[in-house]
Asker: 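Shown below is the structure under consideration.
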Amino acid sequence: MIHPNTKVEFISREKGYGLVATQFIPKGTITWVQDELDQIFTKEQTANFNPITKLFLDKYCFTNNQGQQILCWDNGKYVNHSFTPSCFSTPYDFEIAIRDIYPGEELTDDYGYLNVEKPFLAIDEGTSRKMVYPNDILTYYKEWDLLIKVNVPNVLVTHQPLKCLIPEATWDEFVQAVKNPMLLKSIQDCYYDRELHLKKIVDF
């Protein structure tokens, strides 16, 4: 579920629609949690889907570390890519704001950690990165792990409307990791190894 203080809005001709804050969302806020209503599709399920349906899934889904496509049931699927995102994923099936997000400001993700199937050229933001690649997690996980490590303490001291959606065991594990950063999972755990998956199929 996406944070309640958001709405879909037209951003630009280049971007199309995106998700913006309707109220101030402070740094450390949980902005999205994977919940029971989010649909999970395996490759076997989607293999015989209508091509139009598959195009929709490819546009609005992200891929988890099992190779399953996750379709957000709500407006979470309208979060756009940015190389300087306002939100960031964690290996605990929720995302957090890594800076203050003001009303009218867009909530964005770095699609580099969403296991895109093919590389794509992103909108130029003046950053050194221009392309999003399927293996970006392997390239940037150390940098991203540090970013998460620096920001997660804010989660424990910020009002969290979405905390009730996080399984108790997951939350307890996360809290212990915040208190003892050596226990913090790496975002590398979110990586889906397509080559390994194909090898397993061939070997089977």
Side-chain angles (χ1 to χ4, degrees), residues 1-11 15 17-39 60-62 64-65 70-115 125 127 132 136-137 140-141 143-181 183-190:
M1 179 180 288
I2 198 68
H3 195 280
N5 295 336
T6 58
K7 67 176 182 178
V8 176
E9 190 171 277
F10 183 76
I11 305 300
K15 277 190 174 184
Y17 288 88
L19 200 71
V20 301
T22 58
Q23 297 181 32
F24 177 66
I25 299 176
K27 179 179 179 178
T29 301
I30 296 169
T31 53
W32 174 83
V33 178
Q34 185 172 331
D35 64 31
E36 298 94 331
L37 291 180
D38 291 323
Q39 297 185 61
Y60 289 109
C61 286
F62 70 90
N64 66 14
N65 61 0
I70 313 300
L71 178 63
C72 297
W73 66 272
D74 60 2
N75 290 334
K77 58 181 170 287
Y78 289 101
V79 173
N80 286 318
H81 164 76
S82 174
F83 289 125
T84 57
S86 57
C87 305
F88 217 83
S89 187
T90 72
Y92 300 91
D93 290 332
F94 63 83
E95 297 192 351
I96 61 173
I98 56 173
R99 55 181 171 80
D100 291 340
I101 305 173
Y102 292 88
E105 187 177 359
E106 196 176 1
L107 279 72
T108 52
D109 269 334
D110 190 324
Y111 282 16
Y113 50 67
L114 298 183
N115 293 304
E125 301 176 79
T127 58
V132 176
D136 273 348
I137 289 182
Y140 299 105
Y141 76 90
E143 175 184 332
W144 292 345
D145 281 351
L146 180 59
L147 179 65
I148 294 169
K149 181 180 178 180
V150 168
N151 280 278
V152 289
N154 298 310
V155 177
L156 302 187
V157 295
T158 304
H159 175 60
Q160 305 293 358
L162 299 181
K163 178 181 175 292
C164 60
L165 296 172
I166 301 173
E168 185 176 349
T170 301
W171 181 254
D172 290 344
E173 180 184 10
F174 171 74
V175 171
Q176 290 304 312
V178 174
K179 294 178 179 178
N180 182 2
L183 300 176
L184 197 64
K185 290 182 179 179
S186 171
I187 198 169
Q188 194 174 15
D189 293 348
C190 299

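All values derive from a computational prediction rather than experimental measurement. Values below: every heavy atom of this structure, side chains too, minus hydrogens, waters and symmetry copies.
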Asker: Quick check: closest heavy atoms across Y92 and A177, and the distance to 0.1 Å?
Answerer: OH-CB, 3.6 Å
Asker: Just by modelled atom types, is the I30 backbone N or O under 3.5 Å from a matching donor or acceptor in the Q160 side chain?
Answerer: yes
Asker: Between A21 and I101, which heavy-atom pair has the shortest distance, and what is it?
Answerer: CB-CG2, 3.9 Å
Asker: Output yes when a side-chain donor or acceptor of E125 lies under 3.5 Å from a complementary backbone atom of F83, and no otherwise.
Answerer: yes
Asker: At what distance, to the nearest 0.5 angstrom, does CD of Q34 lie from SG of C72?
Answerer: 7.5 Å
Asker: Any heavy-atom pair between the side chains of I187 and L147 that's under 4.5 Å?
Answerer: no
Asker: Are side-chain heavy atoms of I25 and H3 found at a separation under 4.5 Å?
Answerer: yes
Asker: Okay, side chain of T108, backbone of N80: is any donor-acceptor separation there less than 3.5 Å?
Answerer: no
Asker: Which heavy atom in K149 sits nearest to a heavy atom in V152, and how many Å separate them?
Answerer: O-CG2, 3.6 Å
Asker: Distance only, no hydrogens: is a donor on one side chain within 3.5 Å (strictly under) of an acceptor on the other, for D35 and W73?
Answerer: yes
Asker: Given side chains that start at C-beta, do those of N154 and I96 come closer than 4.5 Å, heavy atoms only?
Answerer: no
Asker: Can you find a pair of side-chain heavy atoms, one from F24 and one from D100, that are under 4.5 Å apart?
Answerer: yes
Asker: Any sub-3.5 Å donor-acceptor pair from T158's side-chain atoms to V155's backbone N or O?
Answerer: no
Asker: So, D145 and S186: side-chain donor and acceptor under 3.5 Å apart, yes or no?
Answerer: yes
Asker: Would you check if T6 and W32 make a side-chain contact, meaning some heavy-atom pair closer than 4.5 Å?
Answerer: no
Asker: Can you tell if the side chain of C190 reaches within under 4.5 Å of the side chain of N64, non-hydrogen atoms only?
Answerer: no
Asker: Answer yes or no: are there more than 12 heavy-atom neighbours, outside K15 itself, under 6.0 Å from its atom NZ?
Answerer: yes
Asker: List the atom pairs, donor and acceptor, that lie under 3.5 Å between side-chain atoms in residues 161-176 and the rest of the protein, sequence neighbours left out.
Answerer:
none

Asker: What's the spacing between T90 OG1 and D189 CG if we round to 0.5 Å?
Answerer: 11.0 Å
Asker: Do side-chain atoms of Y60 reach the backbone of G76 as a donor and acceptor pair under 3.5 angstrom?
Answerer: no
Asker: Counting N and O atoms only, with roles assigned by atom type, does the side chain of D74 sit under 3.5 Å from a partner on the main chain of I2, one being a donor and the other an acceptor?
Answerer: yes
Asker: Mind checking whether L71 and K77 have side chains closer than 4.5 Å, heavy atoms only?
Answerer: yes
Asker: So among Y140, F88, Y141, which one has a side chain to side chain contact (heavy atoms under 4.5 Å, CB included) with Y113?
Answerer: F88
Asker: Should C87 and L107 be marked as a side chain to side chain contact (heavy atoms under 4.5 Å, CB included) after you check the CA-CA gap, both sets of side-chain angles, and the distance that decides it?
Answerer: CA-CA 6 Å; C87 305; L107 279 72; 4.0 Å; yes
Asker: Are any side-chain N or O atoms of S82 and backbone N or O atoms of D109, one a donor and one an acceptor, separated by less than 3.5 Å?
Answerer: no
Asker: Main chain of T84, side chain of D110: is a donor-acceptor contact present, judged purely on distance under 3.5 Å?
Answerer: no
Asker: Indicate the ring-plane relationship of Y17 and F10, choosing parallel, tilted or perpendicular according to the 30° and 60° boundaries.
Answerer: perpendicular
Asker: When rounded to the nearest 0.5 angstrom, what distance separates CG in N115 from CG in D136?
Answerer: 10.0 Å
Asker: Is any side-chain heavy atom of E106 closer than 4.5 Å to one of L19?
Answerer: no
Asker: How far does OG of S86 sit from CZ of R99, to the nearest 0.5 angstrom?
Answerer: 5.0 Å
